[in-house]
Number of protein chains: 2
Amino acid sequence: MKVAVDAVVFAYINKELNILLIERAFEPFKGKLSLAGGFINENETADQAVIRKLKEETNVKLNYLEQLFTFTDVDRDPRERIISIAYYALINPTNHNLEANIHAKDVNWYPVSKLEYLPIAFDHYKIINYGITRLKNKVIYEPIGFELLPKYFSMSDLYDLYCAILGNNLDRRNFIKKITSFGLLKKTKFKTKGHIGRRAQLFEFDQKKYEKLKLNGFKFDI
Amino acid sequence: MKVAVDAVVFAYINKELNILLIERAFEPFKGKLSLAGGFINENETADQAVIRKLKEETNVKLNYLEQLFTFTDVDRDPRERIISIAYYALINPTNHNLEANIHAKDVNWYPVSKLEYLPIAFDHYKIINYGITRLKNKVIYEPIGFELLPKYFSMSDLYDLYCAILGNNLDRRNFIKKITSFGLLKKTKFKTKGHIGRRAQLFEFDQKKYEKLKLNGFKFDI
DNA sequence: CCAAAAGTGTTACAAGTACACCCATGA
DNA sequence: TCATGGGTGTACTTGTAACACTTTTGG
């Protein structure tokens, strides 16, 4: 019995949630798309294996990594019994430019909205959907959305991101009112530029303040 | 690399949350307490392995089973590299009488409140705490508490259970008001007996109605 | 001056919280 | 008749939801 890791890697590109998939060069499922992943070495944890494999296969750097679920169906790999410890990861725009990566030949971003039309290998479609569900649930009560945005972002960026993840049922004013009420966004001295329309104030998420508040029982909740 | 399962099995006994532990007969950690579990066979899923091992080792029957987390620290077992897919399970009073079980010689229930004083083997203390945290979080937004109670239960049973799990910060009247408002408790024709004081109405959880409501977007939430 | 995106408050309604007394029963 | 646990309602506070116009800016 072998043990592998697989990672559902999310990025926020062109106002859409995207995931990272690799075009397989060999059988089984040659030419189809699969998650990044691979076997765990004897001397590393599963977390370390994910980070190593993502570096090897795609050269992306992760902002956030969390274990998702372990898939153990007996026939999930046609070759032999392989158990997969699945993860999901978030990366921000500084790190998701694949052009800059040497190893990224057959690695690409695919919008979540188009997944159903793609040929996805193994049980990875199931794993991806599990990841999307977890992200939707978690983004509501943990401030992990910021890991998908650049360090400085506008309220509109943040609002659009939440709409992209959750599916548009948010009232813009109420969203801003609530997120502002936590006092976790530091106003920076910067504004957006290079676009039409009014310039937006840029903010920065105050991670340290969040850690402190959390210790005192504060719960982030959109 | 070997793959095992371990289960944090919860029962509600004497108004306290208890977990099932086995006294180890052999080294390593001989005489210490460990979770029920064991290796996964080549032809079974992890879920099936948990059910099989619990039957073999403790003969208890599970009401609810859910994967918790996969623990992969390199040195978590002193003998060799063993990855553990941890589960938590809930069982109700019909099934938690260990006296009736042949294999249950060194298997016992231990109140969660006394865990810190017990000698617990491997990284199982960590796994148990992970399980307790998950149970606390999940019992709030999924109706899994009922799996710890007998089929027919009183409002006081339910209230006491939630207090035992969450730690007493509940207002009795508000709790009953809320849980009643869902309309998921069927009044039975039975009442408690064999105790002093006024007799309590017994209720039954309406699983089918819950499934239906859930499809329509209903969210259980204490 | 126009098109585009940013920014900003109020009101109505729903939900949550705090709180105390009477009832039924068997011993 | 008393001790024990069961059962119930209201007022207040807080949070959520719905909703539209003005401001800034570059072209």
Side-chain angles (χ1 to χ4, degrees), chain A residues 12 14-16 139-141 143 149-150 152-164 166-204 213 216-222, chain B residues 12 14-16 139-141 143 149-150 152-164 166-204 213 216-222:
Chain A
Y12 179 59
N14 298 329
K15 308 216 169 191
E16 268 199 284
V139 84
I140 291 169
Y141 62 91
L149 292 175
Y152 302 138
F153 52 85
S154 69
M155 279 294 176
S156 295
D157 292 338
L158 190 58
Y159 171 72
D160 291 345
L161 170 70
Y162 270 84
C163 286
L166 298 174
N168 279 71
N169 305 322
L170 295 168
D171 179 277
R172 184 185 161 82
R173 273 180 290 182
N174 290 335
F175 174 82
I176 293 174
K177 202 190 305 167
K178 186 154 201 181
I179 205 101
T180 306
S181 73
F182 300 147
L184 289 170
L185 298 185
K186 280 190 289 196
K187 218 173 185 172
T188 69
K189 57 186 176 183
F190 307 111
K191 288 186 178 255
T192 52
K193 53 186 171 184
H195 65 91
I196 48 186
R198 183 170 172 178
R199 300 306 143 98
Q201 175 63 241
L202 292 178
F203 296 88
E204 183 182 359
L213 287 175
N216 297 330
F218 167 77
K219 292 234 194 310
F220 182 90
D221 184 16
I222 294 300
Chain B
Y12 178 59
N14 299 329
K15 308 216 169 190
E16 268 199 285
V139 85
I140 291 169
Y141 62 91
L149 292 174
Y152 301 139
F153 53 85
S154 69
M155 280 292 177
S156 294
D157 292 339
L158 190 59
Y159 171 72
D160 290 346
L161 170 70
Y162 271 83
C163 286
L166 298 174
N168 278 73
N169 304 321
L170 295 169
D171 179 278
R172 184 186 163 82
R173 273 181 290 184
N174 292 336
F175 174 83
I176 293 174
K177 202 190 307 168
K178 186 153 202 182
I179 205 101
T180 306
S181 73
F182 300 147
L184 290 170
L185 298 185
K186 280 191 289 198
K187 220 173 184 169
T188 70
K189 58 186 177 183
F190 308 112
K191 286 185 180 258
T192 50
K193 52 187 171 182
H195 65 90
I196 48 186
R198 182 171 173 178
R199 301 304 141 103
Q201 175 64 241
L202 292 178
F203 296 88
E204 184 181 357
L213 287 175
N216 297 329
F218 168 78
K219 292 234 193 310
F220 182 90
D221 184 15
I222 294 299

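Order of the sequence lines sets the chain letters (A, B, ...), proteins ahead of strands, with each chain counted from 1. Quick note: numbers below take in every heavy atom, side chains included, and nothing from hydrogens, waters or symmetry partners. What you are looking at is a predicted structure, and each value in this text was computed from that prediction instead of being measured.
Summarising the geometry, the separation between CG on A/Asp171 and C1' on C/dT10 is reported as 13 Å, rounded to the nearest angstrom. Distance, B/Ile222 CD1 to C/dT17 C1': 15 Å, rounded to whole Å. Rounded to whole Å, the distance from CZ on B/Phe175 to P on C/dA18 is 16 Å.
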Take A/Thr188 and A/Gln201 through the side chain to side chain contact (heavy atoms under 4.5 Å, CB included) test and state the conclusion after the steps. CA-CA 7 Å; A/Thr188 69; A/Gln201 175 63 241; 4.1 Å; yes
Report the C-alpha distance between A/Arg199 and A/Ser154 in whole Å, list the side-chain angles of each, state the deciding distance to 0.1 Å, and finish with yes or no for side chain to side chain donor-acceptor pair (under 3.5 Å). CA-CA 9 Å; A/Arg199 300 306 143 98; A/Ser154 69; over 6 Å; no
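A donor-acceptor contact shorter than 3.5 Å links the side chain of B/Tyr159 to the backbone of B/Leu170.
Note on A/Ser156: every side-chain N or O is 4.0 Å or more away from OP1 and OP2 of C/dA5.
When side chains are defined from C-beta on, A/Leu149 counts as touching A/Leu158, because their heavy atoms get closer than 4.5 Å. Taking the side chain as every heavy atom from C-beta outward, A/Val139 and A/Phe220 never approach each other to under 4.5 Å.
Within a 6.0 Å radius of CG in B/Asp221, other residues, nucleotides and ligands contribute more than 12 heavy atoms.
Taking the six-membered ring where the residue is Trp, the centroids of A/Phe175 and A/Tyr162 are separated by under 6.0 Å.
Judged by distance alone with a 3.5 Å cut-off, a donor-acceptor contact links the side chain of B/Arg173 to the base of C/dA20.
Out of C/dG7, C/dA24, C/dG9, the shortest distance to the side chain of A/Gln201 is found at C/dG7.
The span of DNA chain D lying next to chain A, judged by atoms under 4.0 Å from heavy atoms, is bounded 5' to 3' by D/dT16 to D/dG26.
What you find for A/Ile222 and A/Lys178 is that their closest heavy atoms are C-NZ, 3.7 Å.
Each of B/Phe203 and A/Asn174 has a nearest nucleotide on DNA chain D; the 5'-most of these lies closest to B/Phe203.
Near DNA chain D, meaning a heavy atom under 4.0 Å away, the residues from residues 176-197 of chain B are B/Lys177, B/Ile196, B/Gly197.
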